[in-house]
Number of protein chains: 2
Amino acid sequence: MRPKTDLGALLSHQPLFRNLDADQLALMTAACHQVNIEKHQFVFHRGDPANGLYVVAVGSIKLAVPAANGQEKVIEFFGPGDAFGEAFMFLDKPYMVEAQALDDSLLIWIDKRDLDAAIDRDPSLAKRMLAGLSVRLHTLVKDIETVNLQNAMQRVVMYLLSQPREDGEMHFPFNKGIIASKLGLTPETLSRLLHQLTDAGLISVDGKRVLIPDVAALEHRMYAETARIS
Amino acid sequence: MRPKTDLGALLSHQPLFRNLDADQLALMTAACHQVNIEKHQFVFHRGDPANGLYVVAVGSIKLAVPAANGQEKVIEFFGPGDAFGEAFMFLDKPYMVEAQALDDSLLIWIDKRDLDAAIDRDPSLAKRMLAGLSVRLHTLVKDIETVNLQNAMQRVVMYLLSQPREDGEMHFPFNKGIIASKLGLTPETLSRLLHQLTDAGLISVDGKRVLIPDVAALEHRMYAETARIS
DNA sequence: CGGTACGGTTGACCGCGGTCAAGCAAATCA
DNA sequence: TGATTTGCTTGACCGCGGTCAACCGTACCG
């Protein structure tokens with residue numbers, strides 16, 4: 001457990017709590033708890049009660065819905081500054097998803113009641129949370145659109161293009177199996193499609209590193225797929 | 001356009017604005033606009049600016065994301081008391097979905113700025129909106145889970161069981177094509193699956209009316225499907 | 001009335017993507 | 001260092017669900 005003194009600085013850098021005045025920051029600091037989570041450990045499981053929300057300080061967290069057969073569908077990834085778990089907290093329902101650390105992570109946990117009080121004192125906090133939830137809704141709708149309206153190849157290409165890249169090179173942030181789940185595919189299919197793109201000379205894969213020599217060509221490939229469907 | 005006097009009564013019955021005091025209600029009433037939408041008309045299209053939110057007073061609205069080929073994927077249905085469009089309003093982004101009336105409907109429209117002011121005066125309104133967005137997030141996650149982790153038959157059975165029924169009889173609220181889209185299916189497949197359930201003696205279909213003589217048997221059928229997958 | 005547009009059903013076909021299994025390379029550990 | 005596990009790839013196979021087409025009943029309309 002790190003010393004409590006870190007908390008104020010940590011909080012003030014989170015999008016959710018930016019621009020709080022000193023008083024409010026002190027209040028929130030008192031209400032927050034640091035949670036250290038090792039890689040592969042679960043933050044919470046499906047069915048756990050949701051009494052508060054988490055903010056990622058460092059590390060990365062995977063939100064997924066588990067299936068009966070041990071499979072799982074990754075809903076979203078969270079990195080530093082992201083908040084998660086709010087929706088279930090507001091609903092007063094147990095989590096229907098599970099959260100797992102993809103790296104050693106440091107989280108901030110805030111009790112629902114303390115957050116309620118903070119909102120009463122500062123409506124702008126509520127607005128920021130509304131904005132945050134809206135973003136999440138937006139990405140979920142986009143995901144649904146992606147899964148329903150695009151085929152596997154389109155989804156893969158779109159993912160490759162959506163990731164940050166420098167010098168025409170992008171990195172898979174996690175294992176390919178996890179990426180596959182996020183894309184609604186099996187690892188086998190993802191592997192095959194990447195191989196297909198490699199054969200077409202559009203990318204070259206080396207472990208987690210992917211070289212994209214001609215971004216425009218890759219984009220063109222995706223639109224060609226789209227046209228084929230229409 | 002109906003007389004303005006209706007607005008106060010309408011608003012005070014919406015979940016979002018319940019428990020407002022007279023002053024606040026008067027303020028909101030002044031900020032609200034009634035919008036009449038005929039069946040098949042669009043409330044907004046993809047790309048329209050989102051300057052406010054809608055609340056359904058009477059009627060029903062379909063939220064869908066349009067595809068290139070004229071297809072569409074239904075995201076959600078909204079009935080009386082439901083609010084929609086908030087997420088895009090808070091994001092200050094144009095709509096990425098379209099809203100269409102499934103019946104002649106009466107909507108209430110509230111300007112973003114007026115709502116902002118109302119939140120500042122009454123944090124409980126913000127909390128109610130947070131709860132509303134949370135519900136939406138919840139159902140979206142559930143949808144993603146359904147589409148990714150369950151096959152077509154399971155989705156159909158689950159839909160049949162999720163709809164309100166009396167005397168072992170349920171009604172399709174809309175055209176089967178629209179239901180099919182919401183379930184991520186083609187109308188053909190939905191038709192076939194319903195026929196299959198009929199052959200199995202689990203349901204009997206007559207137009208929009210579906211008789212479910214033995215609910216438990218139908219539930220059992222769904223779990224059997226689940227087991228087969230695992 | 002016949003014409004037609006629409007929603008729904010049915011049949012024939014097929015391709016996408018999942019499943020199962022084997023094999024391989026790198027990481028992890030005794 | 002060898003043993004074991006984990007991540008990834010590849011091949012063979014196949015079934016679910018989509019596509020395309022024809023057809024049917026009903027509602028709507030001139």
Side-chain angles (χ1 to χ4, degrees), chain A residues 38-40 62 67-74 100 102-103 146-157 159 171-199 203-210 225-230, chain B residues 39-40 62 67-74 102 146-157 159 171-199 203-210 224-230:
Chain A
E38 286 174 26
K39 187 171 180 174
H40 298 309
K62 170 195 82 179
N69 49 352
Q71 295 278 86
E72 63 170 23
K73 159 68 185 177
V74 173
Q100 190 179 17
L102 294 171
D103 297 303
T146 300
V147 169
N148 281 283
L149 266 31
Q150 311 200 110
N151 62 23
M153 180 57 93
Q154 285 175 63
R155 277 178 270 163
V156 170
V157 172
Y159 177 80
H171 286 251
F172 288 117
F174 315 111
N175 287 347
K176 287 181 187 161
I178 293 183
I179 307 289
S181 169
K182 168 80 174 120
L183 293 174
L185 300 173
T186 58
E188 294 96 322
T189 303
L190 175 57
S191 177
R192 272 184 263 265
L193 292 177
L194 289 176
H195 188 88
Q196 218 170 305
L197 288 173
T198 304
D199 284 349
I203 64 173
S204 58
V205 184
D206 172 31
K208 286 191 166 40
R209 302 188 314 124
V210 179
E225 287 274 341
T226 310
R228 204 167 51 76
I229 287 199
S230 309
Chain B
K39 187 172 180 173
H40 297 310
K62 170 194 81 181
N69 48 352
Q71 295 278 84
E72 62 170 26
K73 159 69 186 176
V74 173
L102 293 171
T146 300
V147 169
N148 280 283
L149 267 31
Q150 310 199 115
N151 63 24
M153 180 58 91
Q154 287 176 62
R155 278 178 269 164
V156 171
V157 171
Y159 177 81
H171 287 251
F172 288 116
F174 315 110
N175 287 347
K176 287 182 187 162
I178 294 182
I179 307 288
S181 169
K182 168 82 174 121
L183 293 175
L185 300 174
T186 57
E188 293 96 322
T189 302
L190 175 58
S191 176
R192 270 184 264 265
L193 292 177
L194 289 176
H195 187 87
Q196 218 168 305
L197 288 173
T198 305
D199 286 349
I203 64 173
S204 59
V205 184
D206 173 30
K208 284 190 168 40
R209 301 188 314 124
V210 178
E225 288 273 342
T226 308
R228 203 167 53 75
I229 286 199
S230 310

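Within every chain, numbering begins at 1; the chains are lettered A, B, ... in the order of the sequence lines, protein sequences first and strands thereafter.
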**Request:** Would you mind classifying the nucleic acid contact of G184(A) as base, sugar-phosphate or nothing, using non-hydrogen atoms under 4.0 angstrom?
**Result:** sugar-phosphate
**Item:** T189(A) side chain near dG17(C) phosphate (N/O to OP1/OP2, under 4.0 Å)
**Value:** no
**Nearest-nucleotide 5' precedence on DNA chain C, E188(B) against H40(B)** = H40(B)
**Prompt:** Does T186(A) place a side-chain N or O at less than 4.0 Å from the phosphate oxygens OP1/OP2 of dG18(C)?
**Reply:** yes
**Prompt:** Could you give the angle between the helix axes at the two ends of the helix from dC1(C)-dG30(D) to dA30(C)-dT1(D), with five pairs per end, rounded to 10 degrees?
**Reply:** 30°
**Item:** Length of the line joining L190(B):CG and dG18(D):C1', which is rounded to integer Å
**Value:** 14 Å
**Message:** Is any side-chain heavy atom of V74(A) closer than 4.5 Å to one of E72(A)?
**Reply:** yes
**Message:** Suppose we screen for side chain to side chain contact (heavy atoms under 4.5 Å, CB included). Which residues come up paired with S204(B), at least two apart in sequence or across chains?
**Reply:** L211(B)
**Item:** Presence of K176(A) side-chain N/O under 4.0 Å of dT9(D) phosphate oxygens OP1/OP2
**Value:** yes
**Asked** How close or far is atom P of dG7(C) from atom CG of L194(B), stated in whole angstroms?
**Response** 17 Å
**Prompt:** What integer distance in Å separates Q71(A):CD from dG17(C):C1'?
**Reply:** 14 Å
Could you run down the sub-3.5 Å N/O contacts of the protein with nucleotides 23-30 of chain C?
none

**Message:** Whether N151(A) contacts dC16(C) is assessed here as follows: a side-chain N or O lying under 4.0 Å from the phosphate OP1 or OP2. Is that the case?
**Reply:** no
**Request:** Look at H195(B) and dT10(C) and indicate whether a side-chain polar atom (N or O) is within less than 4.0 Å of OP1 or OP2.
**Result:** yes
**Prompt:** Taking CD1 from I178(A) and P from dT6(D), how many angstroms apart are they, rounded to a whole number?
**Reply:** 14 Å
